[in-house]
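Data block below; observations after.
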Amino acid sequence: MPRATLPATDFHGALTVLHFPLSARPGVSAEARARTADWLDDITERAVVADVLLLVSELVANAVRYAAEPGALLLVRDARLLRIEVTDSSPRPPRPRPPRRPEDVGGLGLFLLGRLARRWGWHPHGPGKAVWCEVALPPPRPLPAC
């Protein structure tokens, strides 16, 4: 079981923040993905955006599935780094399960998190917890010369 860890503060420069309250209503993971995709519309590397959307979907789905009350999705970024954080009401730490048989359903969310994120962790948050991960962003494209 992973120890509680706070995300590093590796941000440099101006920060942009998106806060999206969650609920257990059907479709909240899709709404979180859509809001995230809109918020990342300036990222031209579509593979990075696809990875981020998968991570958001997994973290939100876990908060909805395993906690009595999901909290919020928080995205924080600068030009080079994106932190994804999802809070919920459960104090139980996340427990990664290794993939078992190909026909098994579920249990791959935290495995994917470990593969796609630069790093990840969790920390207590109020009566529950926050699960976070960080993704390196591609360098911004230079502005065309005049």
Side-chain angles (χ1 to χ4, degrees), residues 1-13 15-141:
M1 179 175 350
R3 289 187 357 223
T5 56
L6 292 173
T9 53
D10 290 346
F11 291 112
H12 303 284
L15 297 180
T16 307
V17 176
L18 173 68
H19 181 268
F20 180 67
L22 302 173
S23 72
R25 71 187 178 282
V28 72
S29 291
E31 290 176 35
R33 282 192 308 273
R35 290 284 300 272
T36 301
D38 288 346
W39 192 67
L40 294 175
D41 68 350
D42 63 315
I43 304 294
T44 56
E45 286 192 35
R46 301 323 303 165
V48 171
V49 174
D51 287 351
V52 167
L53 296 179
L54 178 58
L55 292 170
V56 164
S57 189
E58 288 295 332
L59 290 176
V60 170
N62 282 352
V64 170
R65 181 176 298 122
Y66 297 114
E69 295 180 34
L73 166 66
L74 177 68
L75 303 174
V76 181
R77 70 182 268 209
D78 67 7
R80 298 287 187 130
L81 183 68
L82 168 66
R83 184 173 62 230
I84 305 164
E85 184 170 296
V86 174
T87 59
D88 66 45
S89 63
S90 172
R92 291 180 48 197
R95 293 181 46 203
R97 293 183 291 168
R100 295 177 299 269
R101 300 173 309 189
E103 63 272 12
D104 288 343
V105 176
L108 294 175
L110 294 176
F111 173 76
L112 288 171
L113 191 68
R115 298 290 297 205
L116 297 177
R118 184 175 100 162
R119 59 183 169 210
W120 76 277
W122 70 279
H123 59 88
H125 180 81
K129 69 178 170 304
V131 180
W132 59 269
C133 66
E134 294 176 345
V135 177
L137 296 175
R141 291 191 177 227

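Positions are given from 1 along the sequence.
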Taking the side chain as every heavy atom from C-beta outward, state whether [X] and [Y] have any atom pair closer than 4.5 Å.
X	Y	value
L113	L55	yes
H19	E85	no
V135	L81	no
W132	V86	no
R80	D78	yes
R77	L40	yes
L82	V52	yes

- For E31, does the CD atom have more than 12 heavy-atom neighbours from other residues, nucleotides or ligands under 6.0 Å away? yes
- Message: Would you say CZ of R46 has more than 12 non-hydrogen atoms from neighbouring residues, nucleotides or ligands within 6.0 angstrom?
- Response: yes
Short side-chain to backbone donor-acceptor contact, [X] and [Y], under 3.5 Å:
X	Y	value
S89	G128	no
S90	A67	no
K129	D88	no

- Message: Please list all pairs meeting side-chain hydrogen bond (donor to acceptor under 3.5 Å, both in side chains) that have one or both residues in residues 50-59, counting only residues at least two apart or in different chains.
- Response: R33-S57
- Item | Donor on one side chain, acceptor on other, S23 and R25, under 3.5 Å | yes
